[in-house]
Amino acid sequence: MKAVRIHQFGGPEVLTYEDVPDPQPRKDQVLVRVKACALNHLDLWVRKGLPGIKLPRIPGSDIAGEVAEIGEYVTAFAAGQRVIVAPMHFCGHCPKCLAGVQNQCREFAVLGNGVDGGDCELVAVPAANIIPIPDSLDFNQAASVPLVFVTAWHMLVGLAGVRPGQTVLVLGGSSGVGIAAIQIAKLFRCRVITTAGDEIKLEKARLLGADEGINHYKQKISEEVRRITNKEGVDVVVEHVGAATWDESVRSLKSGGKLVTCGATTGSNVTLELRHLFARQLTLLGSYMGTMGELREVLGHVFAGRLKAVVDRVFPLSEIRAAHEYMEKSQMFGKVVVNP
Ligand SMILES: [Zn+2]
């Protein structure tokens, strides 16, 4: 099959489009013919080099496609069925997995990171990872959902315990996690404030449901939040930007507020004034992906049309370098997808 592989870490030039042997599914696995694979910021980190990644590696976490072949032990699926692949690898039998918190499994890895992913024509995964999709969702839309929606759901619902009437600040409203978080917070009848780097992106975020927009290049986030909330601050901050916005995010919280973070796109070294943490009784929550239960839960809302995938641009898989370069320029609103 054709696949994109990384043989060394570096810039987009290390993404090699080449022939590799077809994967052979185990008896408990399903072979999926990949129709679309969405990019995430994680793809850029993997390409640049993360500890523990073995090379060569096929990147790509978010896979939509058709069942090509099922293993002898698999009875739930049939060839030709339209599916997505849960973007995570877990052992399935440890206490954490059995308790339903797969993202705390010692073997937990994201597809395309700790294990090979979907920037290729065929992928073999355990049957537990296969989730059928409705015909109303095309492959590009379907591939745009799993990683960012399970991440945002785990942050807002699983960890922050968001409730109707709360005010939520979503950093980076044009990013995949931002787009998901805005919609999930609105699903819970929250007031949503978001940030973006230009007016066009802010307008698109408003169309998704954001009540207020802050241009983070022109306005100081915490000052705008204070103005919008009548000096009160927000109940929950959804953080994934990191160093560039951390101080502003912490300052935007009301007393007793919760900051939940799943990433550090602009850098991971930040400072924290402990006096603020205890005196204002803040909660800081670290979030990594989500559980299979949460993925199923959020997909139910996507399949029913209450939450929407946003696709920005589709590239052929053979143009993976251009797709990475496009993503690095941060010009998109929504997901960048590749098609084998
Ligand atoms: Zn496990």
Side-chain angles (χ1 to χ4, degrees), residues 23-32 34 37-38 40-43 45-46 50-65 67 69-77 83-120 122-133 143 145-161 177 180 240 260-264 268 284-300 302:
Q24 300 299 317
R26 297 187 318 238
K27 288 179 178 179
D28 62 340
Q29 284 189 324
V30 173
L31 187 69
V32 174
V34 181
C37 188
N40 292 280
H41 267 285
L42 188 61
D43 293 61
W45 294 116
V46 168
L50 286 176
I53 293 180
K54 295 199 178 79
L55 299 177
R57 171 67 76 228
I58 300 174
S61 306
D62 278 325
I63 300 163
V67 172
E69 198 180 313
I70 57 170
E72 188 185 331
Y73 302 158
V74 180
T75 52
F77 308 104
V83 298
I84 55 173
V85 177
M88 47 184 118
H89 166 87
F90 49 93
C91 81
H93 52 74
C94 73
K96 293 290 188 182
C97 283
L98 294 175
V101 282
Q102 293 83 6
N103 55 343
Q104 291 178 26
C105 172
R106 286 182 68 172
E107 283 186 25
F108 187 80
V110 180
L111 295 195
N113 180 349
V115 294
D116 277 340
D119 285 349
C120 55
L122 293 165
V123 63
V125 295
N129 285 62
I130 299 290
I131 302 170
I133 56 172
V145 173
L147 192 144
V148 290
F149 275 85
V150 75
T151 298
W153 188 271
H154 183 58
M155 293 172 84
L156 277 168
V157 186
L159 293 175
V177 168
H240 52 97
V260 53
T261 177
C262 71
S268 54
L284 302 181
L285 297 158
S287 184
Y288 193 57
M289 296 283 285
T291 68
M292 283 299 289
E294 287 169 327
L295 178 60
R296 293 278 185 163
E297 204 175 0
V298 74
L299 285 174
V302 174

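All values reported here derive from a predicted model rather than from experimental measurement. Read the numbers this way: they start at 1 and go in the same order the structure lists the ligands and their atoms.
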Only distances under 3.5 Å count here; give the side-chain donor-acceptor pairs of residues 150-160 to other protein atoms, sequence neighbours excluded, each with its distance to 0.1 Å.
residue, atom, partner, partner atom, Å
T151, OG1, L147, O, 2.6
W153, NE1, E297, OE1, 3.3
H154, ND1, E294, OE1, 2.8
H154, ND1, E294, OE2, 3.0

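Between the OH atom in Y73 and the CG atom in D28 there is a gap of 8.0 Å [rounded to 0.5 Å]. If you take SG on C262 and NE2 on H41, they are separated by 10.5 Å, rounding to the nearest 0.5 Å. Note that CD1 of I70 is 7.5 Å distant from OG1 of T75, once rounded to the nearest 0.5 Å.
By the salt bridge (charged side-chain N to carboxylate O under 4.0 Å, His left out) test, D43 pairs with no residue at all, sequence neighbours left out. Shown here are the salt bridge (charged side-chain N to carboxylate O under 4.0 Å, His left out) partners of R296, two or more places apart in sequence or in another chain: there are none.
For the Zn ion (ligand 1), the count of nearby protein N/O/S atoms, taking only those under 2.8 Å, is 4.
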